[in-house]
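Taking it in order: structure first as structure tokens, then the write-up.
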Amino acid sequence: QQPVQSPQAVILREGEDAVINCSSSKALYSVHWYRQKHGEAPVFLMILLKGGEQKGHEKISASFNEKKQQSSLYLTASQLSYSGTYFCGTERGGIGGATNKLIFGTGTLLAVQP
Amino acid sequence: GAVVSQHPSWVICKSGTSVKIECRSLDFQATTMFWYRQFPKQSLMLMATSNEGSKATYEQGVEKDKFLINHASLTLSTLTVTSAHPEDSSFYICSVYLGLAGGGRYNEQFFGPGTRLTVL
């Protein structure tokens, strides 16, 4: 089942902050965050691993609550270049570890205005 | 990271014809690739997992006889949309999986630029 993201869309002024949430009904091994510009492929932002390890982008942070099966992406001091659609990609655990398959969330459209 | 290419970047075809989309890993050997489909303003939907040298694993609801996947080498996976119809028009994206065992920083997928298919 597809993870649900909230909000569906958000409009920001440059310099404002935003939080994007991703909620899954399944237990997760990791959560990956991507940003996609219109007509382009998704670009990797960061990954959050079960156990709290976090790797990725310099100016964007995220959290992963394994018990609640939720992740949040924090965008601070937004820039025009942050505009796009954000997707969480959730990876479930399997026998021996991760399944390596990503199930993408419903998406959040972010528009940053000058 | 891995560099992934797709060909063609866009294709327009008539209903009933078959279309082949190529996904290439340009700088490392990929035993696992994934194929996604994305309709306008929607999320990426995983179609199948392509494994080099073995049959692809399809997600529930994806017709394996309609979407033929061949992963004949470690650098190339192909998706053939057979007897395409207008409802197959979509953005098809492949990704290459690079895990820790393969020398990646962590389990990560690198996406190709996508192929836009329009069926008339």
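The basis for the numbers below is simple: all heavy atoms, side chains too, and nothing from hydrogens, waters or symmetry mates. Below, chain A is the first sequence line, B the second, and so on; all start at residue 1.
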* Between chain A and each of B:Gln38, B:Arg116, B:Met45, count heavy-atom pairs under 4.5 Å; write down the option with the most. => B:Gln38
* To do: State, yes or no, whether a side-chain contact exists between B:Phe111 and A:Phe44 at a heavy-atom distance under 4.5 Å.
  => no
* To do: State yes or no: do A:Val10 and A:Leu45 share one hydrophobic cluster built from I, L, V, M, F, W and Y residues joined by side-chain heavy-atom distances below 4.5 Å, directly or via other members?
  => yes
* Structure fact -> The remaining residues in the hydrophobic cluster of A:Tyr74, counting side-chain heavy-atom contacts under 4.5 Å among Ile, Leu, Val, Met, Phe, Trp and Tyr, are A:Val19
Identify every side-chain donor-acceptor pair in residues 9-20 of chain B under 3.5 Å, counting partners at least two apart or on other chains, and give the distances.
residue, atom, partner, partner atom, Å
B:Thr17, OG1, B:Lys14, O, 2.7
B:Ser18, OG, B:Ser83, N, 3.4

* **Residues of residues 106-114 of chain A with any heavy atom under 4.5 Å of a heavy atom in chain B** => A:Thr106
* To do: Using side-chain contact (heavy atoms from CB on, under 4.5 Å) as the criterion, list what pairs up with B:Gln42, not counting sequence neighbours.
  => B:Phe39
* Same apolar cluster (I L V M F W Y, side chains within < 4.5 Å links), A:Val31/A:Leu73 -> yes
* B:Glu87 atom CD: more than 12 heavy-atom contacts under 6.0 Å -> yes
* Do you know the tightest heavy-atom contact between A:Lys101 and B:Glu59? -> NZ-OE2, 2.8 Å
* **Within one Ile-Leu-Val-Met-Phe-Trp-Tyr cluster: A:Ile60 and A:Ile20, side-chain cutoff 4.5 Å** => yes
* Just give me the residue among B:Leu44, B:Thr49, B:Leu46 that pairs up with chain A most often, heavy atom to heavy atom, under 4.5 Å. => B:Leu44
* Minimal non-hydrogen separation, B:Phe91 against A:Gly39, with atom names -> CZ-O, 3.8 Å
* Asked: Side chains of A:Leu102 and B:Phe34: closer than 4.5 Å at any heavy-atom pair?
  -> no
* Asked: Tell me, side chain or backbone of A:Gln5 under 4.5 Å from chain B's heavy atoms, or both, or neither?
  -> neither
* Could you pull out the closest heavy-atom pair between B:Gly112 and A:Ala41, with the gap in Å? => O-CB, 2.7 Å
* Indicate, with yes or no, if B:Tyr97 and B:Met47 share a hydrophobic cluster defined by side-chain heavy-atom contacts under 4.5 Å among Ile, Leu, Val, Met, Phe, Trp and Tyr. => no
* Say whether B:Leu79 and B:Tyr58 are linked into one hydrophobic cluster, either directly or through other cluster members, by side-chain heavy-atom distances under 4.5 angstrom. => yes
* Asked: Between A:Glu40 and B:Ile93, does a side-chain contact (heavy atoms from CB on, under 4.5 Å) hold up when you go through it step by step?
  -> CA-CA 10 Å; A:Glu40 300 178 6; B:Ile93 309 174; over 6 Å; no
* To do: Count the heavy atoms of every other residue, nucleotide or ligand shown that sit under 6.0 Å from NE2 of B:His85, and state whether that count exceeds 12.
  => yes
